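Down below is the structure, laid out as structure tokens.
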Amino acid sequence: MEKTYNPHQIEAKYRDIWEQGDFFSSQTNSQSKDAYSIVLPPPNVTGSLHMGHAFQHTIMDVFTRYHRGKGEQTLWQPGTDHAGIATQMVVERQLAQQNITRHEVGREKFIEKIWDWKQQSGGTITSQMRRLGASVDWDRERFTMDEGLSDAVQKVFIDLFNEGLIYRGKRLVNWDPVLLTAVSDLEVINTEEQGSLWHMRYPIADSDEVLVVATTRPETMLGDSAVAVHPNDVRYKHLIGKMVNLPLTKRQIPIIADDYVDMEFGTGCVKITPAHDFNDYEMGQRHNLEVINILTDEAKINDDAPTAYQGLDRFVARKQIVKDLEALDLLEKIEPHTLMTPRGDRTNTVIEPYMTDQWFVKIQPLADPAIEAVKNGDIHFVPSNWEKTYFNWMDNIQDWCISRQIWWGHRIPAWYDEDGKIYVASSLEEVQQQAGEGVVLRQDEDVLDTWFSSALWPFSTLGWPEKTPELSRFYPTNVLVTGFDIIFFWVARMIMFGLKFAGDVPFKDIYITGLIKDGQGQKMSKSKGNVLDPIDLIDGITLQDLLEKRTQGMMQPEMAEKIKKQTEKEFADGIPSFGADALRFTFAALASFGRDIKFDLKRVEGYRNFCNKLWNASRFVLMKLEGQSINENAPISTSDKWILSRLQHTKITVEKHLADYRLDLMSQTLYEFVWHDYCDWYLELSKPLLDDDNTRAGTQATLIKVLSETLTLLHPIIPFITEEIFEQCQSLTESDSERLITTAYPEIDRDLICKNSEVEIAWLQGFVLGIRQIRGEMNIAPGKSLPCFIQNNNDTDQNYLGNNHSILKALAKLESITQLSDSDEAAESATALVGEMKILIPLAGLVDKEQEIARLNKEIEKLAKQQQQFSGKLNNEKFVSGAPEAVVEKERQKLHSVEQAISDLGQQLDKISTL
RNA sequence: AGUCGCGUAACUCAGUUGGUUAGAGUGCCAGCAUGACAUGCUGGAAGUCGUCAGUUCAAAUCUGACCGUGACUACCA
């Protein structure tokens with residue numbers, strides 16, 4: 001083996017071996033009684049792997065590899081979604097470089113071009129997943145626009161329509177005037193922006209009075225259909241029912257009363273524009289107000305508005321209207337005002353509430369069973385407090401706008417005849433049959449929201465609506481691993497559609513992971529320039545390249561300087577290459593139930609070191625066992641029994657944490673076992689044991705047995721390095737499997753749990769630690785051999801001493817261990833305690849006694865504090881009578897042993913002081 | 001405004017039904033070329049568990065208030 005762990009070679013090697021050998025196939029273990037499945041939340045086909053993906057993919061891969069190792073037939077279903085708007089924009093941008101628009105190309109040709117693009121560039125994220133070692137069944141990779149999945153979409157649409165759960169209607173939607181389509185709430189980013197509050201005077205008809213209304217969007221006044229005041233507002237009560245002359249128009253609009261109005265805000269009068277505001281729309285419904293649309297699709301003033309403003313962009317119109325009002329002395333004042341502005345996440349343009357014809361899913365009948373499924377425990381949220389968020393949203397759920405005015409996506413299977421009558425079916429032929437021959441039909445131009453097809457993902461990928469064997473074997477899936485940001489948009493909808501169409505919940509558990517933030521706890525975003533690319537952590541990146549990456553193609557180039565400084569400060573030397581395993585271990589270790597996860601490069605470095613540690617421990621084992629034949633039945637020593645016992649405890653703990661979705665605790669458990677039990681103690685113990693003819697064979701067998709089981713335990717987290725070491729160990733183990741990935745996950749062997757060896761090794765560790773402590777604090781060189789005396793030992797001590805004489809000498813670097821009787825006068829010594837047994841290291845020629853006196857005093861002081869604590873408790877009458885006897889007894893024992901130690905050390909102190 | 005969360009060592013975080021001498025990694029201090037590993041080894045320092053009150057024999061853990069901080073949802077036109 002190489003002296004240092006070098007991840008890159010190893011990773012490249014096994015990426016090929018695993019995939020070409022079909023090791024990720026869900027056909028493996030097909031005879032198994034149990035099946036396990038996870039669907040990958042399909043990433044956007046235009047996207048690339050970000051930290052959130054890498055984190056969640058690591059988690060899913062741990063579960064997948066674990067269950068595969070358990071012998072279950074395991075499917076991790078991969079694929080991507082077609083990301084309607086994003087994908088269309090990518091290709092449109094390409095066309096724009098040649099000064100062509102999609103309209104010039106035409107719908108059909110344009111869609112062909114998108115498919116071409118997908119063919120060439122749609123694989124970024126899947127190739128990055130391969131870098132990470134994600135063991136998905138690539139043969140089953142799916143895309144939401146695949147034929148089968150598209151059939152599923154069509155069938156769901158038609159069925160819902162026929163049931164009356166899909167309808168078409170004119171409603172207010174979030175309209176992106178650049179993309180010219182409705183967008184979902186998810187695609188609208190609300191941010192605080194500085195704006196103004198314009199106070200405008202509306203003259204009251206047949207009166208000298210005016211009403212002052214305040215607005216943040218003056219241009220919408222052209223579409224006002226009322227002014228509202230609070231019914232109890234004494235200032236305006238007398239005006240309710242009167243009319244207002246709407247300035248700049250020739251219209252009169254009523255003054256209405258509605259308790260939605262906040263008397264405290266602004267002037268207490270609100271202009272009502274039902275066609276351009278969600279709240280106003282609702283109020284309009286309540287009061288039967290006219291809905292006056294004043295905008296075009298591009299958000300220009302339309303032809304229904306006064307001629308002066310027709311054709312003006314909304315913001316130009318705003319300026320003009322303010323100016324005109326001012327000229328008419330109808331503008332009272334302008335106040336600066338902070339408001340939430342909705343912007344499109346793709347275009348950054350202000351989103352308009354806009355009246356359009358759209359398709360909707362009537363959601364309540366679907367939502368009810370979805371709520372029930374979580375209430376009755378068919379589905380568990382992990383951690384469970386996410387249930388509240390789920391219920392909270394589901395209880396206020398609105399009908400779902402599923403149509404989008406774009407070209408890339410599943411075309412809505414609806415046709416209209418010349419009278420506008422709607423026909424829905426899977427093909428023109430069928431529709432024609434419904435409509436009758438000769439009727440001219442025109443298909444709806446719109447496509448479906450991408451989330452509509454994503455909602456079917458857990459069963460459409462398994463072949464639904466066909467009754468495939470995969471569907472019956474793998475549905476419902478076991479767990480969905482995802483972030484909380486899409487609980488509403490995706491998770492809830494999968495539950496609704498799964499129950500409705502696949503007849504069962506789509507998954508039993510929903511593991512909601514935390515969100516990966518940067519070192520300062522900031523959300524990673526391109527505009528902030530603080531994103532980390534998981535691939536850069538694997539391969540490393542220079543500061544120069546990182547700067548370039550972070551500052552190119554920015555939406556706000558003015559941020560570049562700040563980002564540059566920040567990056568130079570945080571990554572002065574760029575990012576070193578850590579390898580995929582170190583990154584994966586980091587993600588597993590970070591996977592606690594917290595909501596935010598601050599990503600710290602130091603953690604990755606620590607786990608890279610862990611990989612190196614594992615590597616070198618293996619190297620040690622191989623060096624020691626090279627060319628030896630292993631006798632698995634050789635008698636084993638207490639140390640061997642101890643490490644085997646520790647291994648069983650480790651397995652028990654690992655299984656528990658896996659079942660609880662606590663990968664952080666799982667990885668911590670393994671880390672501690674490998675580093676502190678196996679390397680720090682067992683490998684050191686093995687050195688003298690291997691030198692001894694009586695213990696050599698057993699130690700050899702145990703070294704390799706524990707190593708190879710440990711590799712299997714670690715494999716789900718760090719698959720590459722473990723697979724490589726496994727191969728190197730091949731000649732020493734009698735594995736049935738050629739590869740670690742197909743090796744059975746180790747079973748817990750309770751017969752190997754050995755309490756006695758644990759007690760004995762704990763004693764031995766206490767002994768060695770005591771001596772090291774004296775060395776450390778007395779500044780005695782680690783290389784110096786010391787004589788050691790023992791006093792006040794009982795039978796057990798005696799026994800352990802006999803068993804471990806040579807081990808102790810080796811580990812604590814002692815030249816001799818001599819027992820003294822109680823009556824023997826020990827030389828002036830430094831002292832440590834193991835239980836009640838005294839370990840004495842003569843000071844002669846090593847240190848002065850003042851130093852030892854100081855050390856003992858410090859130690860006694862520490863113990864005295866504890867003594868106070870314990871005796872305080874025990875002196876409390878209420879504690880002794882109120883607490884369970886076992887707790888009291890434990891406290892008494894602690895007090896006793898502390899008092900004993902104080903007295904022992906005190907005696908020693910006296911002795912030295914008086915000498 | 002509503003909902004949910006967080007506040008434990010210098011930093012990042014564990015601490016699962018109340019009983020631990022409150023832990024880990026990183027960082028820090030001191031020492032070390034020992035033959036698997038300096039991406040290492042040994043020893044050490046470091047915490048009034050946000051504050052205050054309450055419940056309890058017993059609180060980092062349960063309850064309440066407050067302070068600080070964050071996310072999401074809905075917004076005041």
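Chain identifiers are assigned alphabetically (A, B, ...) following the order of the sequence lines, protein sequences preceding nucleic acid strands; residue numbering begins at 1 within each chain. These numbers were taken from a predicted model, which means no experiment stands behind them. No hydrogens, no waters, no symmetry mates; every other heavy atom, side chains included, goes into these values.
Side chain of A:E282 to backbone of A:N279: no donor-acceptor contact under 3.5 angstrom is found. Here the side chain of A:R603 pairs no donor or acceptor atom with the backbone of A:L583 at under 3.5 angstrom. With hydrogens and angles ignored, the 3.5 Å screen pairs no side-chain donor or acceptor of A:D224 with any backbone N or O of A:A226. Under a 3.5 Å cut-off, the side chain of A:S196 and the backbone N or O of A:W198 do not form any donor-acceptor pair. In this structure, A:Y678 contributes its side chain and A:L703 its backbone to a donor-acceptor pair below 3.5 Å.
Atom CD1 of A:I774 and atom C1' of B:G44 are 15 Å apart (whole Å). Residue A:D395 contributes atom CG, which lies 18 Å from atom P of B:G2 at whole-angstrom precision. Separating the CG atom of A:L515 from the P atom of B:C13 is a distance of 13 Å, rounded to the nearest angstrom. For the pair A:M778 CE and B:G44 C1', the computed distance is 12 Å after rounding to whole Å. Per the geometry, CG belonging to A:N392 stands 14 Å off C1' belonging to B:A71, to the nearest Å. Regarding A:N396, its CG atom lies at a distance of 11 Å from the C1' atom of B:G2, rounded to whole Å. Between the CD1 atom of A:I512 and the C1' atom of B:A71 there is a distance of 14 Å, given to the nearest Å. For A:F587 and B:G25, the CZ to P distance is 22 Å, given to the nearest whole Å.
When the C1' atom is used for both B:U21 and B:G47, the distance is 14 Å, rounded to whole Å. Between B:U17 and B:A65, the two P atoms lie 24 Å apart (nearest whole Å). Across B:C66 and B:G27, the matching C1' atoms stand 34 Å from one another, rounded to whole Å. On the P atoms, B:U34 is 22 Å away from B:A30, given to the nearest whole Å. Spacing between B:G23 and B:U16 at atom P, rounded to whole Å, works out to 14 Å. B:G19 sits 10 Å from B:A60 when the P atoms are compared, rounded to a whole Å. B:U8 and B:U48 have their P atoms separated by 12 Å, given to the nearest Å. On the C1' atoms, B:G64 is 38 Å away from B:A45, given to the nearest whole Å.
A:Q773 comes within 4.0 angstrom of sugar-phosphate atoms only, judged by non-hydrogen atoms across all strands, and of no base. At the heavy-atom level, A:L895 lies nowhere under 4.0 Å from the strands shown. A:H676 comes within contact range of the sugar-phosphate backbone alone, with a heavy-atom separation under 4.0 Å but no base atom that close.
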Verdict with supporting geometry, A:I841 and A:R775, side-chain contact (heavy atoms from CB on, under 4.5 Å): CA-CA 10 Å; A:I841 305 292; A:R775 274 184 198 277; over 6 Å; no

Does the side-chain hydrogen bond (donor to acceptor under 3.5 Å, both in side chains) test come out yes or no for A:D258 and A:H287, once each step is laid out? CA-CA 9 Å; A:D258 194 297; A:H287 297 271; 2.7 Å; yes

Mind running side-chain hydrogen bond (donor to acceptor under 3.5 Å, both in side chains) on A:T267 and A:H199 for me, showing each step along the way? CA-CA 8 Å; A:T267 57; A:H199 293 249; 5.3 Å; no

Full working for ring pair (Phe, Tyr, Trp, His ring centres under 6.0 Å) between A:Y511 and A:F381: CA-CA 6 Å; A:Y511 173 21; A:F381 274 92; over 10 Å; no

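When ring centroids are compared, A:Y607 and A:Y671 come within the 6.0 Å threshold.
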Under 3.5 Å, which N/O atoms of the protein pair with N/O atoms of nucleotides 72-77 of chain B?
{"unit_1": "B:C72", "atom_1": "OP1", "unit_2": "A:K523", "atom_2": "NZ", "d": "3.3"}
{"unit_1": "B:C75", "atom_1": "O3'", "unit_2": "A:N279", "atom_2": "ND2", "d": "3.4"}
{"unit_1": "B:C76", "atom_1": "OP1", "unit_2": "A:Y260", "atom_2": "OH", "d": "3.4"}
{"unit_1": "B:C76", "atom_1": "OP1", "unit_2": "A:N279", "atom_2": "ND2", "d": "2.7"}
{"unit_1": "B:C76", "atom_1": "O2", "unit_2": "A:D262", "atom_2": "OD2", "d": "3.1"}
{"unit_1": "B:A77", "atom_1": "OP2", "unit_2": "A:H337", "atom_2": "NE2", "d": "2.8"}
{"unit_1": "B:A77", "atom_1": "O3'", "unit_2": "A:T215", "atom_2": "OG1", "d": "3.2"}
{"unit_1": "B:A77", "atom_1": "O3'", "unit_2": "A:T216", "atom_2": "N", "d": "2.8"}
{"unit_1": "B:A77", "atom_1": "O3'", "unit_2": "A:T216", "atom_2": "OG1", "d": "3.4"}
{"unit_1": "B:A77", "atom_1": "N6", "unit_2": "A:D262", "atom_2": "O", "d": "2.6"}
{"unit_1": "B:A77", "atom_1": "N6", "unit_2": "A:F265", "atom_2": "O", "d": "3.0"}
{"unit_1": "B:A77", "atom_1": "N1", "unit_2": "A:D262", "atom_2": "N", "d": "3.2"}

Would you list the protein and nucleotides 34-40 of chain B atom pairs, both N or O, that sit under 3.5 Å from each other?
{"unit_1": "B:A36", "atom_1": "OP1", "unit_2": "A:K687", "atom_2": "NZ", "d": "3.4"}
{"unit_1": "B:A36", "atom_1": "O3'", "unit_2": "A:R619", "atom_2": "NH2", "d": "3.1"}
{"unit_1": "B:A36", "atom_1": "O2'", "unit_2": "A:N616", "atom_2": "OD1", "d": "2.8"}
{"unit_1": "B:A36", "atom_1": "O2'", "unit_2": "A:R619", "atom_2": "NE", "d": "3.3"}
{"unit_1": "B:A36", "atom_1": "O2'", "unit_2": "A:R619", "atom_2": "NH2", "d": "2.8"}
{"unit_1": "B:A36", "atom_1": "N6", "unit_2": "A:E684", "atom_2": "OE2", "d": "3.2"}
{"unit_1": "B:A36", "atom_1": "N3", "unit_2": "A:N616", "atom_2": "O", "d": "3.3"}
{"unit_1": "B:A36", "atom_1": "N3", "unit_2": "A:A617", "atom_2": "N", "d": "3.3"}
{"unit_1": "B:C37", "atom_1": "O4'", "unit_2": "A:N616", "atom_2": "OD1", "d": "3.1"}
{"unit_1": "B:C37", "atom_1": "O2'", "unit_2": "A:N612", "atom_2": "ND2", "d": "3.2"}
{"unit_1": "B:C37", "atom_1": "O2", "unit_2": "A:K613", "atom_2": "NZ", "d": "3.0"}
{"unit_1": "B:C37", "atom_1": "N3", "unit_2": "A:K613", "atom_2": "NZ", "d": "2.9"}
{"unit_1": "B:U39", "atom_1": "O4'", "unit_2": "A:N609", "atom_2": "OD1", "d": "3.0"}
{"unit_1": "B:U39", "atom_1": "O2'", "unit_2": "A:N612", "atom_2": "ND2", "d": "2.5"}
{"unit_1": "B:U39", "atom_1": "O2", "unit_2": "A:R608", "atom_2": "NE", "d": "3.2"}
{"unit_1": "B:G40", "atom_1": "OP1", "unit_2": "A:N609", "atom_2": "ND2", "d": "3.0"}
{"unit_1": "B:G40", "atom_1": "O3'", "unit_2": "A:K613", "atom_2": "NZ", "d": "3.1"}

Restricting to nitrogen or oxygen on both sides, can you table the protein-nucleotides 5-12 of chain B pairs closer than 3.5 Å?
{"unit_1": "B:U12", "atom_1": "OP1", "unit_2": "A:K598", "atom_2": "NZ", "d": "3.1"}

Between the protein and nucleotides 15-19 of chain B, are there any N/O to N/O pairs under 3.5 Å, and if so, what are the atom names and distances?
{"unit_1": "B:G15", "atom_1": "OP1", "unit_2": "A:R662", "atom_2": "NH1", "d": "2.9"}
{"unit_1": "B:G15", "atom_1": "OP1", "unit_2": "A:R662", "atom_2": "NH2", "d": "3.1"}

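A salt bridge between A:D233 and A:R235 is present, with a side-chain N of the basic residue lying under 4.0 Å from a carboxylate O of the acidic one. With respect to the salt-bridge test (charged N to carboxylate O, under 4.0 angstrom), the residues A:D660 and A:R662 do not qualify. The pair A:K858-A:E861 does not meet the salt-bridge criterion, since no charged nitrogen lies less than 4.0 angstrom from a carboxylate oxygen.
With the 3.5 Å cutoff on both pairing distances, Watson-Crick and G-U pairs in RNA chain B assemble into runs of at least 3 at B:1-7 with B:67-73, B:10-13 with B:23-26, B:28-32 with B:40-44, B:50-54 with B:62-66.
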Can you give each donor-acceptor pair under 3.5 Å made by side-chain atoms of residues 584-592 of chain A, sequence neighbours left out, with the distance rounded to 0.1 Å?
{"unit_1": "A:R584", "atom_1": "NE", "unit_2": "A:I717", "atom_2": "O", "d": "2.8"}
{"unit_1": "A:R584", "atom_1": "NH1", "unit_2": "A:D61", "atom_2": "OD2", "d": "2.8"}
{"unit_1": "A:R584", "atom_1": "NH1", "unit_2": "A:L132", "atom_2": "O", "d": "2.9"}
{"unit_1": "A:R584", "atom_1": "NH2", "unit_2": "A:D61", "atom_2": "OD2", "d": "2.8"}
{"unit_1": "A:R584", "atom_1": "NH2", "unit_2": "A:P716", "atom_2": "O", "d": "2.9"}
{"unit_1": "A:T586", "atom_1": "OG1", "unit_2": "A:A582", "atom_2": "O", "d": "2.7"}

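Residues A:E387 and A:N385 fail the side-chain proximity criterion, which asks for heavy atoms closer than 4.5 Å. In this structure the side chain of A:R595 reaches within 4.5 angstrom of the side chain of A:F484, judged on heavy atoms.
A donor atom on one side chain and an acceptor atom on the other are found under 3.5 Å apart for A:T220 and A:K271.
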